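Keep in mind the model is a prediction, meaning the values are calculated, not measured. In what follows, every chain begins at residue 1, and chains take the letters A, B, ... in the order their sequences are listed.
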Amino acid sequence: MNKIEESLKSIVKDSVKKVYDIELLDTDIVVEIPKDPSFGDYSTNVAMRLTKQLRQNPRAVAEKIVEELKKNSYFEDVTIAGPGFINFRLSKKAFTRVINDVLLQNNNYGKNSSGKGLRILVEYVSANPTGDLHLGHARGAVWGDCITRLLNASGYDCLREYYVNDGGHQIDMLSESLYSRYCELFGIEYPLPEDGYHAQDIIDIAKQIKEEDDDKWLHVDPKERFLIFKDKGIKLELAKIERDLSNYNCEFDSWISEKSLYDTGYVQSTLELMEKMGLTYEQDGALWLKTTLYGDDKDRVLRKQDGSYTYFTPDIANHIYKLERGYTKLVNLWGADHHGYVPRMCGALDALGNPKNTLEVDIIQMVRLVENGKEVKMSKRTGNAITIRELCEEVGVDAARYTFVSRAVDTHLDFDIGIAKSKTSENPVYYAQYAHARICSLLKEYPIFTPVPSYDLIGDEKEKLLIKQMNEFPEIVADAALTRAPHKICNFIQKFSQYIHSYYGSFKIKQLDNQELINQRLCLLKACKITLKNALGLIGVSAPESMNRE
RNA sequence: GUCCACAUAGCUCAGCUGGAUAGAGCAACGGCCUUCUAAGCCGUAGGUCAUGGGUUCGAAUCCCUUUGUGGACGCCA
C-alpha cells in the first residue's frame with residue numbers, strides 16, 4: 001500500500017467511525033484510481049460495502065460520509081457518482097509528495113518489504129544437459145529470472161536454482177552419442193544409439209574434445225571411457241547452457257546436481273524416511289509410493305524392477321533438500337508437458353508431512369515461433385529446433401526478454417519473430433526505452449535543478465497521471481511478486497511510457513520562461529526517469545540514455 | 001476415454017480474490033516536425049468478452065453445460 005492510499009484509507013475509516021460508529025479494517029476498504037480521470041484522482045466503494053449492514057441505499061450512505069470527508073484539507077473536492085462511488089480530488093501538496101520520495105530513494109524506489117522474513121526457493125529452466133536450450137526454456141528462463149528479481153525487490157530471501165539432471169538414462173545416451181561423433185572425426189564407425197542425441201551441438205563438442213585430447217580416448221577401456229565421456233559431456237553442455245543463460249541476463253545462485261543427491265546419500269535417506277513412514281510398498285518387484293492418498297490419480301514407482309530408480313525418486317530428495325536448507329516456500333516453473341507430474345510431486349511433499357502448498361508449480365505454456373503468419377518449426381541454418389542463442393542473435397536480448405515477459409504464462413504464446421526483430425513502433429520494448437532516452441536527453445540539456453519542498457506549479461492533468469502512476473509503482477512490484485506475475489510490470493511500463501510520451505509532446509520545456517516552473521518539471525521528469533529505469537530493471541531490460549537509429 | 005489449462009477488437013494480448021461507458025499495441029483511416037530525438041503525439045473506426053444457463057444490487061471476472069484449441073495420462077526424463 002502506498003502513502004496516498006494509506007492516508008486515504010485512514011481518513012475514510014475515521015469518517016465512517018464518526019458518522020456510523022463502525023470500525024472498519026483496511027481490508028474492508030478498496031481505494032483505487034478510477035478508469036476515467038474525470039471522476040477524480042482516487043475513489044472508494046466503501047458506501048456500497050456498507051449497504052447491507054446499514055440497510056440503506058448506497059448513495060444515502062455515501063452522502064453522509066462525504067459530508068464528513070469534505071472537512072479534511074487533504075482534499076480539494078469529494079463527490080458521489082454512479083451507484084455510490086465516492087470520488088476524491090487531492091490537494092496539490094498531498095499529491096506531489098511522491099516526487100521527492102522518488103528522488104531520494106533513487107535506485108531503490110519500488111523496493112518494498114512485503115516479503116520480509118519469507119524464504120523462497122525458485123527452481124526453473126532445469127533443462128537436461130544434453131543439448132541446447134530452446135524457445136520453451138527461454139520463456140521459462142525469463143519468467144523465472146523476472147520473478148526472482150521481483151521477489152528480491154520485495155524483501156523476500158530468494159534463491160535461484162537450476163536442477164541438473166545428470167543421473168539418468170539420458171546421460172548414458174549423451175556419453176554414447178558423443179563418443180560416436182568423436183569416432184566419426186577419426187573415420188571410425190561407432191553406432192549412434194537410436195534414442196541418442198543427433199543434433200549439431202554434440203558434433204561441436206566432439207570436435208572440442210578432439211582438439212584438446214586428440215585420439216587419446218580411442219585406446220582406453222570402454223567402461224572407463226564411457227564414464228569419462230559422460231563427465232565431459234555434462235561439463236561442456238552445462239558450460240554452454242550457463243553461458244547462453246548469462247548472455248540472456250539470467251543468472252542462477254545454485255546449480256544442484258541429481259547425481260550429487262545420490263553421492264551424498266540424500267536419495268537413500270529419503271527412501272528410508274518414506275519407508276519408515278509407511279508410505280511405500282513392494283509390488284511386481286518394484287517399490288511404489290502411495291501418492292494416491294494425497295491427490296494423485298495413481299501410485300508411482302520409486303525403484304524399478306531392475307533395481308534402478310525412476311526420475312521421481314531423486315527429485316523427491318531434491319525437494320527435501322530444498323526444505324532442509326531452510327526454504328519454507330518452493331516454487332517450480334515447469335513446461336506444459338510436465339503438468340501431469342505436478343500432483344505426484346505435491347503429493348509426495350504432502351505425504352512427508354509438509355504444510356499444504358509448500359510447493360507451487362507454475363506451468364509455462366508452449367511457445368510457437370511465427371514469421372509472416374506462418375509457424376517456423378526449425379532453424380533454417382541448422383535444421384534443428386531454434387536455440388536460445390539463435391533467438392538472441394536474431395532479435396536481441398531486450399526484445400526477446402520483453403516479448404516473453406509481457407504475456408502471462410498460462411496462455412500459449414505466438415512469438416512473432418518479425419515484430420521482435422523490427423526496430424519500429426511495432427515493437428513495444430523500444431517504445432519504453434525511447435521514453436527513457438527522451439527524458440535523458442532533456443536532462444542533459446538542463447543538468448541543474450533542485451528539489452523543492454512543495455511543487456505548487458505542478459498539477460496539470462497529464463502531470464497528475466505521471467504522479468499517480470509513479471506512486472503506484474512499489475505496490476505494483478509487491479503485487480507482481482506475490483502473484484508471480486512479472487507481466488504486470490510490463491503493463492505498468494507500457495502505460496507509464498505512454499504518459500511520458502504524451503507529456504513530453506505537450507509541454508516543451510524549452511518554450512518556457514518561468515525558471516521555477518522549469519525546475520519543478522525537471523524534478524518531476526527526473527523522478528519519472530528513475531521509476532521507468534527501475535521498472536525496466538525488474539524485467540532485466542536495459543534503459544538506454546539514447547536511442548541510436550540505424 | 002479420463003484429467004488439466006486456455007477461448008476478450010481484423011492480429012498479438014491486458015483486464016479475472018465481482019464494481020462506473022471492457023482497455024492497449026499493431027494493422028486501417030485523418031491530422032501534427034523552423035522549437036528538448038517523429039522509434040513520437042493528437043484524433044476516427046473497430047466488441048454478442050466462444051455457447052447456454054445459474055449465483056446477486058451488480059459478472060469478461062465466481063459456479064455448471066456445450067463447443068473449439070493445446071497438453072498430460074511410462075517401471076521415460
Side-chain angles (χ1 to χ4, degrees), chain A residues 27 30 32 34-36 39 43 45 48-49 51-52 57-58 81-85 87 126-128 130 165 167-171 173 195 258 283-288 297-298 300-312 314-315 335-343 363 365-366 368 370 373 403 406-416 419 422-435 437-446 483 485 487-488 490-491 494-495 497-498 500-512 518 522 525 546-550:
Chain A
T27 46
V30 176
E32 56 187 4
K35 279 175 202 164
D36 186 341
F39 289 134
S43 77
N45 64 354
M48 281 129 88
R49 295 279 283 254
T51 313
K52 258 189 192 154
N57 94 53
F85 287 98
N87 294 327
S126 295
N128 293 345
T130 52
N165 305 142
H169 171 75
Q170 82 284 357
I171 294 298
M173 287 305 110
D195 50 347
E258 178 184 358
Q283 191 185 307
D284 306 326
L287 184 71
W288 299 71
D297 55 354
K298 57 177 95 165
R300 304 293 173 173
V301 170
L302 293 168
R303 190 175 58 228
K304 301 182 240 174
Q305 274 180 338
D306 67 4
S308 67
Y309 296 108
T310 59
Y311 175 81
F312 188 33
D315 206 13
D337 54 341
H338 282 63
H339 91 248
Y341 191 73
V342 177
I363 293 299
Q365 281 298 340
M366 299 287 172
R368 250 169 28 122
V370 174
T403 306
S406 59
R407 270 93 143 175
V409 270
D410 57 3
T411 50
H412 308 159
L413 168 63
D414 281 345
F415 190 112
D416 191 316
I419 289 177
S422 71
K423 304 213 163 181
T424 68
S425 54
E426 276 182 297
N427 197 336
V429 70
Y430 294 108
Y431 185 78
Q433 291 180 323
Y434 184 41
R438 277 182 134 177
I439 299 180
C440 288
S441 69
L442 188 51
L443 294 177
K444 261 177 222 155
E445 296 232 3
Y446 297 88
T483 54
H487 70 289
K488 288 179 179 171
C490 289
N491 293 344
Q494 217 52 43
K495 205 167 174 187
S497 306
Q498 189 190 326
I500 291 173
H501 281 305
S502 173
Y503 182 61
Y504 184 94
S506 30
F507 295 89
K508 299 284 183 184
I509 290 216
K510 243 184 194 169
Q511 293 172 341
L512 297 174
I518 292 176
L522 287 170
L525 282 163
S546 70
M547 301 287 275
N548 301 317
R549 215 171 307 161
E550 283 166 18

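- Shown here are the side-chain hydrogen bond (donor to acceptor under 3.5 Å, both in side chains) partners of A/Asp297, two or more places apart in sequence or in another chain: A/Arg300.
- For the pair A/His501 NE2 and B/C42 P, the computed distance is 10 Å after rounding to whole Å.
- B/G10 and B/G1 are spaced 32 Å apart, taking the P atom of each and rounding to whole Å.
- Taking atom OH on A/Tyr430 and atom C1' on B/A39, their separation rounds to 9 Å, with Å as the unit.
- Using atom C1' as the reference point in both B/U8 and B/G68, the two lie 15 Å apart (nearest Å).
- Listed by chain and residue number, nothing satisfies the ring-ring contact (aromatic ring centres under 6.0 Å, His included) test with A/His339 (two or more places apart in sequence, or in another chain).
- The shortest heavy-atom contact between A/Phe312 and A/Val301 is CD2-O, 4.2 Å.
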- Summarise how protein sits on nucleotides 18-23 of chain B as a single string, 5' to 3': B when a protein heavy atom is under 4.0 Å from the base, S for sugar-phosphate-only contact, - for no contact. -BB---

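- Across all strands shown, A/Ser308 has no heavy atoms under 4.0 Å from either base or sugar-phosphate atoms.
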- Message: Each nucleotide in nucleotides 67-77 of chain B should get exactly one letter: B, S or -. Can you fill that in based on protein heavy atoms under 4.0 Å?
- Response: ---SBSSSBSB

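- Among the duplex regions that RNA chain B forms, those built from at least three successive Watson-Crick or G-U pairs under 3.5 Å are B:1-7 with B:67-73, B:10-13 with B:23-26, B:28-32 with B:40-44, B:52-54 with B:62-64, ordered by first number.
- The residue among A/Lys508 and A/Leu413 whose nearest nucleotide of RNA chain B is located toward the 5' end is A/Leu413.
- Among the nucleotides B/U12, B/C36, B/G40, the one closest to any side-chain atom of A/Asp414 is B/U12.
- If you take CG of A/Asn491 and P of B/U12, they are 18 Å apart, rounded to a whole angstrom.
- Atom-to-atom, CD1 of A/Ile363 to C1' of B/C6 comes out at 13 Å; the value is rounded to the nearest Å.
- Nucleotides B/U51 and B/G19 have their C1' atoms positioned 25 Å apart, rounded to a whole Å.
- To the nearest angstrom, P of B/G25 lies 8 Å from CD of A/Gln494.
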- Walk me through it: do A/Arg438 and A/His501 pass the test side-chain hydrogen bond (donor to acceptor under 3.5 Å, both in side chains)? CA-CA 8 Å; A/Arg438 277 182 134 177; A/His501 281 305; 3.0 Å; yes

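- A/Trp288 places a side-chain N or O within 3.5 Å of a backbone atom of A/Gln283 that can act as its donor or acceptor partner.
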- What do the steps show when you test A/Ser308 against A/Asp306 for side-chain hydrogen bond (donor to acceptor under 3.5 Å, both in side chains), and what is the final call? CA-CA 6 Å; A/Ser308 67; A/Asp306 67 4; 2.7 Å; yes

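- Of the C1' atoms belonging to B/C6 and B/A50, the separation is 11 Å, rounded to the nearest Å.
- Base orientation at B/C33 is syn, since its O4'-C1' glycosidic dihedral falls within 90° of 0.
- The shortest non-hydrogen separation linking A/Asn165 to A/Gln170 is O-NE2, 2.9 Å.
- Rounded to whole Å, the C1' atom of B/G52 lies 16 Å from the corresponding atom of B/A7.
- In this structure, A/Ile439 atom CD1 and B/A39 atom P are separated by 17 Å, rounded to whole Å.
- Across the protein-nucleic acid pair, A/Phe415 atom CZ and B/C11 atom C1' stand 16 Å apart, rounded to whole Å.
- The aromatic rings of A/Tyr341 and A/His338 lie perpendicular to each other, with more than 60° between the two planes, well past the 30° mark.
- Counting to the nearest Å, the C1' atom of B/U8 and the CZ atom of A/Arg407 are 15 Å from each other.
- Judged as a side-chain contact (heavy atoms from CB on, under 4.5 Å), and not counting sequence neighbours, the contacts of A/Lys444 are A/Glu545.
- Spacing of C1' atoms, B/G40 relative to B/U66, comes out at 48 Å, to the nearest Å.
- For A/Thr483, the side-chain hydrogen bond (donor to acceptor under 3.5 Å, both in side chains) partners two or more places apart in sequence, or in a different chain, are A/Lys488.
- Of all heavy-atom pairs spanning A/Gln365 and A/Thr411, the tightest one is CB-O, 3.4 Å.
- With sequence neighbours excluded, the residues that form a ring-ring contact (aromatic ring centres under 6.0 Å, His included) with A/Phe415 are A/Phe404.
- Applying the 4.0 Å criterion to OP1 and OP2 of B/C42, one finds that A/Tyr504 has every side-chain N and O outside that range.
- The CG atom of A/Leu512 lies 9.5 Å from the CZ atom of A/Phe507; values are rounded to the nearest 0.5 Å.
- Judged as a ring-ring contact (aromatic ring centres under 6.0 Å, His included), and not counting sequence neighbours, A/Tyr504 has no contacts.
- Using a 4.0 Å heavy-atom distance criterion, A/Ala435 is classed as making no nucleic acid contact.
- Here the separation of B/C4 from B/A22, taken at their P atoms, is 33 Å to the nearest Å.
- With RNA chain B read from its 5' end, the first of the two nearest nucleotides for A/Val409 and A/Tyr503 is the one closest to A/Val409.
- With sequence neighbours excluded, no residue satisfies ring-ring contact (aromatic ring centres under 6.0 Å, His included) with A/Tyr446.
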Detail all sub-3.5 Å separations between protein N/O atoms and N/O atoms belonging to nucleotides 43-47 of chain B.
none

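- Look at the P atom in both B/C73 and B/A28: the space between them is 44 Å, to the nearest Å.
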Pairs: protein N or O with nucleotides 29-32 of chain B N or O, under 3.5 Å:
none

